[in-house]
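To start, the structure under review is shown below, and the notes come after it.
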Amino acid sequence: MKARQIPDSPGEPEESPGFLLWQLANAWQRQMRVVLAPLGLTYVQAMLLTALLRLEQREAITGMPITQGDLARFCQADATMTSQVLRTLEAKGLLERSRGADARARLPRLTLAGRSLAERALPLAETVDREFFDLPKQGRKPPPGDSGLMVDLRTLWTRQRGSGGLDA
């Protein structure tokens with residue numbers, strides 16, 4: 001019986017924005033995992049902690065308490081997922097959740113440990129973003145019929161392939 005031939009490459013990813021975006025998202029997530037793992041955080045956990053840090057700073061000015069719903073909307077995240085991740089962060093001692101005036105509303109608050117971890121995670125995540133998405137702005141003209149987004153995706157794709165970021 002003859003062995004089935006499997007191509008070395010899944011085709012021409014440079015022609016598919018969806019494939020490029022998926023590959024780039026995977027590479028970006030791998031880099032985030034590497035920098036956040038020493039802190040014991042996933043990207044979603046770090047995002048919610050740092051968003052809560054920012055919202056608490058805003059709350060200090062406005063005096064309006066933050067609800068889980070506010071946090072989910074601020075992050076444009078699913079409310080159920082937000083609740084599940086906050087439960088995990090609460091179990092780690094990184095935040096506390098109390099009931100609001102509306103008994104259904106949960107009010108998340110960072111603990112000192114959570115605030116400290118959020119302050120450490122934020123610059124790490126920002127560095128990954130800055131380095132990963134640093135695109136040259138001058139001299140870039142899309143080919144006829146091509147969008148600037150595709151040029152940017154191809155540039156990121158080429159950079160990540162060259163650095164081994166897509167192979168891990």
Side-chain angles (χ1 to χ4, degrees), residues 16-137 140 147-157 159-160 163 165-166 168:
S16 170
F19 184 79
L20 281 170
L21 187 58
W22 177 64
Q23 288 295 309
L24 290 166
N26 287 334
W28 175 83
Q29 289 173 3
R30 278 190 295 276
Q31 290 181 21
M32 280 294 180
R33 277 194 298 273
V34 167
V35 299
L36 294 172
L39 300 179
L41 294 174
T42 66
Y43 175 73
V44 173
Q45 292 170 343
M47 176 197 53
L48 290 174
L49 284 175
T50 58
L52 188 53
L53 179 67
R54 289 178 175 156
L55 287 173
E56 284 184 359
Q57 292 165 347
R58 193 179 297 172
E59 178 189 29
I61 296 167
T62 66
M64 296 196 51
I66 305 155
T67 67
Q68 278 185 194
D70 295 333
L71 180 60
R73 282 186 295 281
F74 181 79
C75 295
Q76 297 182 15
D78 177 75
T80 301
M81 180 276 303
T82 299
S83 177
Q84 291 170 345
V85 174
L86 291 181
R87 232 176 287 135
T88 299
L89 294 171
E90 186 175 29
K92 290 182 171 189
L94 301 174
L95 61 85
E96 299 168 341
R97 296 182 303 160
S98 61
R99 297 279 180 196
D102 175 349
R104 296 170 297 171
R106 298 292 294 247
L107 308 176
R109 304 285 312 157
L110 291 172
T111 61
L112 289 175
R115 179 175 313 287
S116 173
L117 200 55
E119 289 171 346
R120 290 174 49 208
L122 184 58
L124 295 174
E126 287 174 341
T127 298
V128 169
D129 279 348
R130 193 171 39 258
E131 290 173 359
F132 191 93
F133 294 105
D134 180 36
L135 293 168
K137 296 297 180 203
R140 259 187 332 132
S147 71
L149 173 63
M150 284 300 292
V151 171
D152 288 346
L153 290 175
R154 283 191 193 105
T155 300
L156 288 169
W157 168 264
R159 180 187 309 145
Q160 291 305 311
S163 71
L166 295 173

Interatomic distance, Q31 atom CD to R33 atom CZ [nearest 0.5 angstrom]
10.5 Å

Go through the steps for L124 and L39 under the test side chain to side chain contact (heavy atoms under 4.5 Å, CB included), then give the verdict.
CA-CA 10 Å; L124 295 174; L39 300 179; 3.6 Å; yes

Nearest-0.5 Å distance that lies between atom CZ in F74 and atom OG1 in T67:
13.0 Å

Heavy-atom closest pair, residues L52 and L71:
N-CD1, 3.8 Å

Do L20 and Q23 come close enough that some side-chain heavy atom pair is under 4.5 Å?
no

Under the side chain to side chain contact (heavy atoms under 4.5 Å, CB included) criterion, do Q45 and L36 qualify, and how do the steps go?
CA-CA 10 Å; Q45 292 170 343; L36 294 172; over 6 Å; no

Donor-acceptor contact below 3.5 Å, side chain D129 vs main chain E126
no

Atom pair CZ/CG of R115 and L94 - distance to nearest 0.5 Å
12.0 Å

Between M32 and A125, which heavy-atom pair has the shortest distance, and what is it?
CE-O, 3.3 Å

Return the minimal non-hydrogen interatomic distance between V34 and P38, and the atom names on each side.
O-CD, 3.2 Å

All pairs passing ring pair (Phe, Tyr, Trp, His ring centres under 6.0 Å) where residues 38-66 contributes a residue, at least two apart:
W28-Y43

Nearest 0.5 Å, what's the CG-CG distance between L112 and L117?
12.5 Å

Quick one: does L49's side chain get under 4.5 Å of L89's, heavy atoms only?
yes

Can you see which heavy atom on V44 is nearest to which on M81, and at what distance?
CG1-SD, 3.5 Å

Just verifying a value: how many Å separate L122 CG and T127 OG1, rounded to the nearest 0.5 Å?
9.0 Å

To the nearest 0.5 angstrom, please state how far the CG atom of L55 sits from the CZ atom of R109.
10.0 Å

Minimum heavy-atom separation for A79 to A72, with atom names?
CA-CB, 4.1 Å

Residue that, paired with I66, satisfies side-chain contact (heavy atoms from CB on, under 4.5 Å) out of E56, R58, R106:
E56

Among pairs that include at least one residue of residues 78-95, which meet salt bridge (Lys or Arg N to Asp or Glu O under 4.0 Å), considering only residues two or more places apart or in two chains?
E90-R97

Exceeds 12 heavy-atom contacts within 6.0 angstrom, atom CZ of R99
yes

Nearest heavy-atom approach of Q68 to T82 is O-CG2, 4.3 Å

